[in-house]
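Down below is the structure, laid out as structure tokens.
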Amino acid sequence: MRNAGSSVLLPFDIEIERTCRRNRKEKRAASTQQTSTMDPNIGNNDDVNDQRALRDYAIPTVNGASNSIRRPAIQANNFEIKPASIQMIQTSVQFNGLAHEDPNAHIANFLEICDNFRHNGVSDDAVKLRLFPFSLRDKAKSWLSSLPPGTITTWDDLAQKFLAKFFPPAKTAKLRNDIATFTQFDGESLYEAWERYKEMMRRCPHHGLPKWLQVQTFYNGLGASTRTLVDATAGGALMGKSIDEAYDLLEEMAANAFQWPSEHLTPKKASGVH
């Protein structure tokens with residue numbers, strides 16, 4: 001026998017097919033309404049409400065202009081960068097982004113000017129991030145504008161990106177090779193050779209050469225006569241001295257050669273000889 005409490009009896013529907021079609025229709029309508037609520041783009045609501053002409057979609061808007069530098073807020077109400085300061089930067093330390101330009105020297109000159117700006121309640125980053133774009137032009141200016149909006153928030157980040165762009169690894173490799181293969185030119189004095197060598201290292205401050213190797217590389221690149229003069233001044237051999245002693249000796253000899261340059265006298269033609 002069947003247990004009456006184990007099953008639920010549904011009411012008998014004579015038009016069962018019509019009822020099923022009505023239920024499916026109501027279910028589809030409810031699903032469409034829910035999807036439209038979740039996604040505002042369905043139903044073309046924006047297109048219906050937007051009454052602009054087609055030509056207006058091709059006109060650029062102010063929102064399209066963005067700045068790659070997110071400058072820190074300044075709490076001081078009386079802070080102001082004078083137009084004369086901006087003009088000084090634009091005329092004295094501008095960087096174009098050309099291959100022969102030195103990005104390290106540009107940053108050093110820029111920081112030297114920024115050291116003159118001091119104001120209570122204004123951080124150094126706030127000043128540098130506001131002034132640095134005025135020191136760029138042409139290719140360098142275009143590079144700064146091409147960075148994603150708001151990606152630069154600190155001066156260290158900006159300087160690192162600037163050096164990575166305009167001091168690529170190929171340039172570093174070339175300058176390191178120039179330092180390692182240094183050779184004194186014909187007719188070049190000790191002072192001129194020493195200053196040229198130090199300038200090569202200044203242009204590549206991340207050369208990675210220890211001080212002892214710097215001295216040894218310069219000494220090996222000298223001409224025979226100049227090397228003999230250096231050894232004689234060192235009391236036998238420059239390589240027998242310590243690192244600091246050898247470096248100081250080269251500095252002293254170069255300074256002395258600059259103060260007392262050798263004069264090459266050329267014979268004068270006799271006049272009045274028949």
Side-chain angles (χ1 to χ4, degrees), residues 59-179 194-209 211 214 251:
I59 299 176
T61 61
V62 178
N63 295 330
S66 58
N67 197 328
S68 59
I69 300 177
R70 188 186 304 167
R71 295 182 290 270
I74 295 178
Q75 304 299 330
N77 296 327
N78 57 345
F79 174 75
E80 179 186 3
I81 297 178
K82 304 296 184 182
S85 302
I86 297 177
Q87 185 178 3
M88 179 179 61
I89 292 177
Q90 291 177 329
T91 55
S92 59
V93 294
Q94 277 211 321
F95 186 85
N96 300 278
L98 302 178
H100 68 275
E101 291 181 296
D102 187 355
N104 287 296
H106 176 71
I107 289 183
N109 295 332
F110 174 75
L111 293 179
E112 185 177 358
I113 295 178
C114 288
D115 287 340
N116 299 319
F117 292 90
R118 288 291 183 270
H119 198 282
N120 293 332
V122 180
S123 64
D124 291 341
D125 275 21
V127 175
K128 295 172 185 176
L129 292 179
R130 281 169 169 79
L131 288 177
F132 191 74
F134 294 104
S135 71
L136 305 180
R137 60 177 299 176
D138 298 340
K139 292 175 60 178
K141 189 78 169 183
S142 299
W143 161 79
L144 183 62
S145 301
S146 67
L147 297 178
T151 54
I152 299 176
T153 57
T154 64
W155 163 248
D156 291 339
D157 187 22
L158 176 57
Q160 187 63 40
K161 284 183 170 59
F162 175 76
L163 291 176
K165 172 62 179 180
F166 297 104
F167 213 118
K171 187 174 183 178
T172 300
K174 181 183 182 304
L175 291 177
R176 282 177 176 170
N177 182 69
D178 293 342
I179 296 173
W194 181 241
E195 290 300 314
R196 181 168 62 88
Y197 183 69
K198 291 192 298 182
E199 176 63 23
M200 292 166 62
M201 291 189 293
R202 277 194 295 266
R203 293 187 61 191
C204 186
H206 54 294
H207 51 71
L209 299 179
K211 191 175 182 178
Q214 297 174 23
E251 280 280 4

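Computed from a predicted structure; not experimentally measured.
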Salt bridge (Lys or Arg N to Asp or Glu O under 4.0 Å): which pairs involve [range], sequence neighbours left out?
| range | value |
| --- | --- |
| residues 98-110 | none |
| residues 136-146 | none |
| residues 80-95 | Glu80-Lys82 |

How long is the span from the [atom1] atom in [X] to the [atom2] atom in [Y], to the nearest 0.5 Å?
| X | Y | atom1 | atom2 | result |
| --- | --- | --- | --- | --- |
| Asn177 | Cys204 | CG | SG | 11.0 Å |
| Ile69 | Leu158 | CD1 | CG | 5.0 Å |
| Asn104 | Arg203 | CG | CZ | 10.0 Å |
| Ser68 | Lys161 | OG | NZ | 9.5 Å |

TODO: Name all residues meeting the ring-ring contact (aromatic ring centres under 6.0 Å, His included) criterion together with His206; count only those two or more places apart in sequence or in a different chain, and write none if there are none.
DONE: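 Checked His206 against ring-ring contact (aromatic ring centres under 6.0 Å, His included); matches are Phe167.
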
TODO: Give a yes or no on whether the backbone of Asp125 and the side-chain of Arg71 come within a donor-acceptor separation of less than 3.5 Å.
DONE: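 Answer holds: no.
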
Task: Asn109 side-chain N/O to Ala105 backbone N/O, donor-acceptor pair under 3.5 Å - done: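 Yes: the side chain of Asn109 pairs with the backbone of Ala105.
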
Task: Any side-chain heavy-atom pair of Glu199 and Glu195 under 4.5 Å - done: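 They are not in contact (no side-chain heavy atoms under 4.5 Å apart), so the answer is no.
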
Task: Side chains of Arg130 and Pro72 in contact at under 4.5 Å (non-hydrogen atoms) - done: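 Heavy-atom side-chain distance check passes, below 4.5 Å.
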
[X] and [Y]: which non-hydrogen atoms are nearest, and at how many Å?
| X | Y | answer |
| --- | --- | --- |
| Phe134 | Gln90 | O-CG, 3.4 Å |
| Met88 | Ile113 | CE-CG2, 3.6 Å |
| Cys114 | Lys128 | SG-CG, 4.1 Å |
| Arg70 | Leu129 | O-CD1, 4.3 Å |
| Ile179 | His207 | CD1-CB, 4.1 Å |
| Phe166 | Ala140 | CZ-CA, 3.6 Å |

Task: Test side chain to side chain contact (heavy atoms under 4.5 Å, CB included) applied to Ser135 - qualifying residues, sequence neighbours left out - done: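 With sequence neighbours excluded, Ser135 shows a side chain to side chain contact (heavy atoms under 4.5 Å, CB included) to Ile89, Val93, His106, Phe110, Phe132, given in chain and number order.
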
Please output the side-chain donor-acceptor pairs of residues 148-156 that fall under 3.5 Å, not counting sequence neighbours, one pair per line with the distance.
from   : atom 1 : to     : atom 2 : distance (Å)
Thr151 : OG1    : Pro148 : O      : 2.9
Thr154 : OG1    : Asp157 : N      : 3.2

Open item on the list: Within a 6.0 Å radius of atom NZ on Lys211, are there more than 12 heavy atoms belonging to other residues, nucleotides or ligands?
Closed with: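 Yes - once you tally the heavy atoms of other residues, nucleotides and ligands closer than 6.0 Å, there are more than 12.
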
Open item on the list: Around atom CD of Glu251, are there more than 12 heavy atoms from other residues, nucleotides or ligands closer than 6.0 Å?
Closed with: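 More than 12 within 6.0 Å, yes.
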
